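By convention in this document, chain letters (A, B, ...) are assigned in the order of the sequence lines, proteins followed by strands, and residues within each chain are numbered from 1. Being a predicted model, the structure only gives us computed values, none of them experimental. Computed over heavy atoms, backbone and side chain alike; hydrogens, waters and symmetry mates excluded.
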Amino acid sequence: MLFDDLPEARETIASVLVPVAVPEPYTYRVPAGAHVVPGSIVRVPLGTREVTGAVWDTQPDAAINPRKLKEILHVHDAPPLNDELRRFIDWVAGWTLAAPGMVLRMVLRSEEALEPEPPVPGLQRVLDRSPDRMTPARARVLATAADGLAWTRSGLAATAGVSTSVIDGLAEQGVFEPVFMTATPLPLPPDPAFNPPQLTPTQAGVAEALVANFDRGGVVALIDGVTGSGKTEVYFEAVAEALRRGRQAVILVPEIGLTEQFLRRFETRFGVPPAEWHSEITPKKRARVWRGVASGEVQVVVGARSALFLPFSRLGLIVVDEEHDTAFKQDDRVSYNARDMAVVRGHLARIPVVLASATPSVESRVNADLGRYQRHVLPERASGASLPDLAVIDMRTEGPERGRWIAPGLVSAIRETFAQKGQSLLFLNRRGYAPLTLCRSCGHRFQCSQCSAWLVEHRMKGKLVCHHCGHTEAIPRACPACGTQDALVACGPGVERVAEEVEGLFPDARVLVLSSDLLGGPDRLRREMKLVEEGGADIVIGTQLVAKGHNFPLMKLVGVIDADLGLAHGDPRAAERTFQLLAQVTGRAGRITGGGRGLLQSYSPDHPVLKALLSSDREAFYRAEIEARRAAGLPPFGRLAALVISGPEKAATEAYARAVSRVAPADRAVTILGPAEAALAMVRGRHRYRLLAMAPRQVDLQGYLRHWMTLAPPARGGLKLQIDIDPQQFL
DNA sequence: AGCACGCCGACT
DNA sequence: GTCGGCGTGCTC
């Protein structure tokens, strides 16, 4: 054959998604001898820097000036991102209107994982060699290494109980030879048959349905079960099925829900703890989990929302526990709701998704009612214990005297519980001592200088703190407005103030405050949680973190100090949030041991949310909430969007927007527009606006956004948007 | 003049 | 997301 007949050796190119906010993949030359496939993780030059990206297409139409092309520097020795994950990245980017590279960045969140762990030097017994002289220490070493497996020098020394010099001596004589051990072996795989639970007939029925879903493609099941009904045990059976089928499972939990308790429950069922994935994990562990997941060796991951973006090689199941929790939302960079994106990934991968909650979100309930999701109800408590006995204390007639916050009825309930050595929990979703401080003399109210919210007194810290932007200042002695000395007065209760009252009422009780801003950080909080769990406190005063994830087995009484708090907000989901929070926190009472009580202090005991809670008629709550949204012109999904258009003073605008999003639309300083008006304002005003637009309107937001993006492509920093629309309808 | 800072476009 | 260029305004 003549050389002339051969097609000219064409230059190979590939499009590479780079982790920057550009709208499309860039084209690079593939160096001779390098082999890339779609999904290959590569190192490429970009501008003056080098970045890690992923090959998106090996046959791109190169509409780019060939002279501009740069060459791929390195192809990482890591499994390529599979087709399922690449489609998921593209989908999420399209949905969130983020650059695909920004979504890729969430996938490539472990630099160390991109190359195999370097081999560890080790020693292996050379069987036909023995030491010149035997000593007791040497004998122990030989006995330890008799299995013929490779050991690390220090590991062998420690196990045999000798110093490393004994090992060195033996190695010197050739009794051990140096070898290289490949990366630390992964822990044993979870065993689906390790400890199957005793399920009630209802639970078994639900578990069976979840198992059957593995043969039905991308089915979403909503498990709707009261606190203590055994949701976890039931979805563990779906995890077991994934394992039996040789597939991987991921369990997403709200960040705070990933407790020691949860890991222990997993271990009890499957014999080993699951792999963990969350923001606190060390880089080394992070890399192991990432690689293990990509290679398929790690079979079950329990993690926060970011675990959804792990490169599973054969994902078979996604579970979203506490699916109603707002911690699944990410608002910075790419803004997404991991619960919704889990449904999307399940859909693309044609695998079952399980959403579980004691208080499902309204949108998931609606999706279930519409037949998009299966709905499985677990009504009773598994232990046979009844739900806590709930009652309301009408603060208008049965309230405490002025300056106190705990009604006499609740005080006596605490006294009774304490006498019977049970634990009481007082729930108040307000950190600090008092939510508002004012001057007795002139009426001056302490406001945050950055964002105009009230400053909250934190007596333990001795500071005034803004809960919106984090701004902190010292508590002054004199009023900054009129100069009067010692005239400051605290208005309303926070957990610290309730604790003060409790300590006065029950001097013998062990009182503990559980709040996210405890001095001593998360470690201390973890210790305190454990302490409460083991009975080391009698009365616990806590903010919403006691409502989430953690179970306190000895808790017999839950008192809600202000059940109205949260109901009055302008947020269209205030009622839903309050219902969920109160149901979760009161559900803690007697959760394990049964026979718990809940007392809710309220000035509006006839509010539908409280009525629904008290009658345990959850259906009534959902019916009323869906109806209320319909009446307000909102679709039942809670199709909500917020546009935050940031102006030139970026930091100020963002702090402002953050503050506003919590108090809006009550704050008059904010212009509130619908998306159409916001879009027009953007285009007309050359985005010199400082506004937050909330659009609880029934509009085609996606259409509007696309429309205006073509009119005025958002400049960097010019526009930040959050989309909070249930993606179900677009799948 | 020298430099910090913010804005803006480019990045294959 | 991050860098470099450039204009503005201020001067340990």
Atom CD of A:Glu50 and atom P of C:dT2 are separated, to the nearest Å, by 15 Å
Choose from B:dC11, C:dG4, C:dT2 the nucleotide whose nearest atom is closest to any side-chain atom of A:Thr48. C:dG4
Euclidean distance, A:Leu81 CG relative to A:Arg87 CZ, rounded to 0.5 Å: 14.0 Å
Using atom CG of A:Leu46 as one end and atom C1' of C:dT2 as the other, report the distance to the nearest whole Å. 9 Å
Count the heavy atoms belonging to other residues, nucleotides or ligands that lie under 6.0 Å from NZ of A:Lys285, then report whether that count exceeds 12. no
Could you pull out all residues at least two apart from A:Ala342 that satisfy side chain to side chain contact (heavy atoms under 4.5 Å, CB included)? A:Leu252, A:Leu308, A:Ile318, A:Val320
Write down the distance between CG (A:Leu104) and P (B:dC11), rounded to a whole number of angstrom. 20 Å
Atom CZ of A:Arg43 to atom P of B:dC11: distance rounded to whole Å? 20 Å
Provide, to the nearest angstrom, the distance between the NZ atom belonging to A:Lys70 and the C1' atom belonging to B:dC11. 7 Å
Rounded to the nearest Å, what distance is computed from the CZ atom of residue A:Arg29 to the C1' atom of nucleotide B:dT12? 11 Å
For the pair made of CZ in A:Arg49 and P in B:dC11, what is the distance, rounded to whole Å? 13 Å
Please report the distance, rounded to the nearest Å, between CE in A:Met102 and P in B:dC11. 17 Å
Reckon A:Lys68 has a side-chain N or O less than 4.0 Å from the OP1 or OP2 of B:dA10? no
Checking A:His74 against A:Glu115: is there a side-chain donor and acceptor pair closer than 3.5 Å? yes
For the side chain of A:Tyr26, starting at C-beta, report the closest nucleotide among C:dG1, C:dC3, B:dC11. B:dC11
